[in-house]
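Nothing here was measured: the structure is a model prediction, and the numbers come from that model. A note on names: the letters A, B, ... follow the listed sequences, proteins ahead of strands, and every chain is numbered from 1.
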There are 2 protein chains.
Amino acid sequence: MAIESTPVSVDVLAVRFACVARAVMIGIAPRAHDPFAGELALPGVLLGMGERLRAAALRAVTGKLGVPAAAVTGFGQLVTFDEPSRDPRGPTLSVALWATVDGAQLDGGPAPVRWVPLDGVPHLAFDHDRIVADCRPLLRERLWRDPDFSAGLLGREFTTAQALDVTEALTGVRPYPANLGRTLVRLPGLRRTERHAAALPRGGRPPSVWNWDRDLDPAG
Amino acid sequence: MAIESTPVSVDVLAVRFACVARAVMIGIAPRAHDPFAGELALPGVLLGMGERLRAAALRAVTGKLGVPAAAVTGFGQLVTFDEPSRDPRGPTLSVALWATVDGAQLDGGPAPVRWVPLDGVPHLAFDHDRIVADCRPLLRERLWRDPDFSAGLLGREFTTAQALDVTEALTGVRPYPANLGRTLVRLPGLRRTERHAAALPRGGRPPSVWNWDRDLDPAG
DNA sequence: ACAAAAGTGTTTTTTATACACCCATGG
DNA sequence: CCATGGGTGTATAAAAAACACTTTTGT
């Protein structure tokens with residue numbers, strides 16, 4: 001009963017907020033096998049029979065990037081790429097997903113895995129350059145609009161300073177703290193706590209701590 | 001080398017503007033084979049090896065709805081559904097696309113095909129009720145934002161009256177002619193012509209005719 | 001005291017919505 | 001000349017962006 005049809009791969013934009021570098025990074029790894037063995041690529045796997053997209057995405061992120069499953073904080077669909085020549089082995093469909101990763105739970109990880117800033121992604125294998133280019137605006141417009149994405153990227157609690165940095169990293173412009181604060185208070189599910197984080201080494205007022213009401217649904 | 005993987009189907013929301021009924025209709029047809037033989041469903045086909053999504057969508061619309069290829073004026077991606085139990089035969093992926101159809105080029109078509117208003121879609125086979133429900137807001141937000149969708153739905157030229165009707169059909173509220181006019185003049189690629197259409201039988205000022213600069217890319 | 005960074009309040013700009021009134025047609 | 005419905009202009013409301021000034025820290 002198995003019908004010959006186009007194989008489906010799931011390619012993941014695994015994003016992580018590096019609070020020290022104040023940048024949003026995506027995880028890439030050199031390919032283990034041909035084609036493009038050794039070249040950098042997005043983590044991707046073939047979708048198994050009956051497997052859900054997010055399950056495949058989790059497999060890709062844990063398997064190819066060595067990220068522990070518990071560090072994967074969220075998933076979501078982006079777009080599907082159907083250019084038949086995107087894989088030299090033959091036509092495949094690629095469903096692009098985002099996955100958010102909690103940087104704090106990242107042990108060093110396997111050496112060849114690289115986390116590069118979204119702005120400086122090197123050339124990648126397959127059509128992954130195109131995937132990154134097409135999906136970047138989709139990621140940007142999810143910030144502060146899709147709570148799963150926002151919470152996944154920043155974690156259960158975060159400071160105003162981090163929110164400013166993430167926004168700047170994704171949109172290219174640093175918002176006014178006042179305006180971003182108003183954006184945040186309006187978000188359902190997000191609350192400003194009484195607590196404040198420590199100020200930066202070179203002074204400045206300590207930023208507020210925000211947190212999400214509901215728990216982030218874990219990856220499993 | 002053929003790897004066992006999830007089959008992919010392409011299910012299409014074929015939309016058409018019925019200017020007489022002043023409604024947006026979607027095309028559905030009873031299924032020819034099991035499962036759900038005889039029950040109404042969205043036109044869908046299995047994605048062939050190496051076939052592009054829009055090619056499959058065209059196949060679905062021509063094959064299942066009997067729409068001539070020339071009457072299909074545009075395509076676009078919506079979302080992918082991955083619920084494994086959506087097809088009783090086994091797990092499949094369903095990529096939902098929209099396709100716009102020019103009603104003027106529709107001969108009667110095969111009898112069992114039905115065009116029903118978006119608001120009154122009957123119960124459909126598989127998970128197609130869910131697909132329609134999930135995709136309806138996606139269609140609405142494409143109107144006047146995605147030129148391919150808007151031009152596909154209304155055709156190369158249209159009147160202000162039709163624009164008002166389509167907007168009302170998709171959003172549920174009839175906009176003020178004045179405001180819609182301003183929305184339209186701001187749209188790149190759309191121009192208001194000097195010409196005017198004939199007024200309705202019961203009077204009223206003859207509406208302006210609008211048209212798109214660039215040609216609509218034909219389906220083929 | 002000074003610089004840095006966040007917060008509060010207010011102003012300005014832009015966008016969306018609403019409305020009052022004029023125009024063109026059919027009856 | 002009246003009903004119907006599109007068009008012009010303008011007013012109002014809501015949302016976004018910008019700015020002045022205060023607060024809290026580190027040096």
Side-chain angles (χ1 to χ4, degrees), chain A residues 17 19-23 137 140-146 150 154 157-188 190-211, chain B residues 17 19-23 137 140-146 150 154 157-188 190-211:
Chain A
F17 174 57
C19 45
V20 281
R22 304 173 139 206
R140 166 185 346 179
E141 79 188 11
R142 265 168 179 79
L143 183 64
W144 309 132
R145 277 191 250 273
D146 179 342
S150 312
L154 283 153
E157 309 205 309
F158 60 92
T159 70
T160 305
Q162 295 171 327
L164 287 163
D165 290 341
V166 171
T167 309
E168 181 175 14
L170 278 180
T171 68
V173 238
R174 166 159 281 240
Y176 293 81
N179 295 338
L180 181 59
R182 276 181 285 256
T183 303
L184 296 188
V185 285
R186 271 197 296 261
L187 284 188
L190 184 62
R191 290 177 344 195
R192 152 184 263 150
T193 66
E194 301 295 318
R195 308 195 307 102
H196 289 260
L200 290 181
R202 56 192 185 291
R205 181 171 176 171
S208 303
V209 174
W210 302 77
N211 77 1
Chain B
F17 174 57
C19 45
V20 280
R22 305 172 139 205
R140 166 186 354 192
E141 78 189 11
R142 263 168 181 80
L143 183 65
W144 310 132
R145 278 190 250 274
D146 178 343
S150 312
L154 282 153
E157 307 204 311
F158 60 92
T159 70
T160 305
Q162 295 171 328
L164 288 164
D165 290 341
V166 172
T167 309
E168 181 176 12
L170 278 180
T171 68
V173 234
R174 165 158 281 239
Y176 293 78
N179 295 338
L180 181 60
R182 277 181 286 254
T183 303
L184 297 187
V185 284
R186 272 196 296 261
L187 284 188
L190 184 62
R191 289 177 343 196
R192 150 184 263 149
T193 66
E194 302 295 320
R195 309 193 308 102
H196 290 259
L200 290 182
R202 58 194 185 288
R205 183 170 175 172
S208 304
V209 174
W210 302 77
N211 77 359

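With hydrogens and angles ignored, a donor-acceptor pair under 3.5 angstrom links the side chain of A/Arg205 to the base of D/dT23. For C/dA16, its base never sits under 3.5 Å from the side chain of B/Asn179 at any donor and acceptor pair.
Comparing C/dA24, D/dT8, D/dG6 by their nearest atom to the side chain of B/Pro206 picks out C/dA24. The side chain of A/Tyr176 has D/dA18 as its nearest neighbour among D/dG7, D/dT25, D/dA18.
Between the OG1 atom of A/Thr159 and the CZ atom of A/Arg195 there is a distance of 11.0 Å, given to the nearest 0.5 Å. Atom OG1 in A/Thr171 sits 11.0 Å away from atom CH2 in A/Trp144 (nearest 0.5 Å).
In this entry the distance linking CD of A/Glu141 with C1' of D/dA16 reads 17 Å, nearest Å. If you take CG of A/Leu200 and C1' of C/dG7, they are 15 Å apart, rounded to a whole angstrom. Across the protein-nucleic acid pair, A/Gln162 atom CD and C/dA6 atom C1' stand 14 Å apart, rounded to whole Å. Distance CD (A/Glu194) to P (C/dA6): 19 Å, rounded to an integer number of Å. Rounded to whole angstrom, the span from the CZ atom of A/Arg202 across to the C1' atom of D/dT24 amounts to 16 Å. As a whole-Å value, the separation of A/Arg195 CZ from D/dT24 C1' is 17 Å. Atom CZ of A/Arg174 is separated from atom P of D/dA16 by 20 Å (rounded to the nearest Å). Distance, B/Leu180 CG to D/dG6 P: 10 Å, rounded to whole Å.
Of the side-chain N and O atoms in A/Thr160, one or more sit less than 4.0 angstrom from OP1 or OP2 of C/dG7. Close to D/dG7, at under 4.0 Å from its OP1 or OP2, lies a side-chain N or O of B/Ser208.
At a threshold of 4.5 Å between non-hydrogen side-chain atoms, the residues A/Leu184 and A/Arg192 do not count as touching. Side chains of A/Asp165 and A/Cys19 form no contact here, defined as non-hydrogen atoms less than 4.5 Å apart.
Nearest-nucleotide positions on DNA chain C place A/Pro207 closer to the 5' end than the other of A/Arg182 and A/Pro207. Comparing A/Arg186 and A/Pro201 along DNA chain D, the residue whose closest nucleotide (by nearest heavy atom) sits nearer the 5' end is A/Arg186.
Proximity of a side-chain donor or acceptor of A/Thr160 to a complementary backbone N or O of A/Pro207 within less than 3.5 Å is not detected.
Among the protein residues, B/Ala161 comes within range of the sugar-phosphate backbone only, with heavy atoms under 4.0 Å from sugar or phosphate atoms but none that close to a base.
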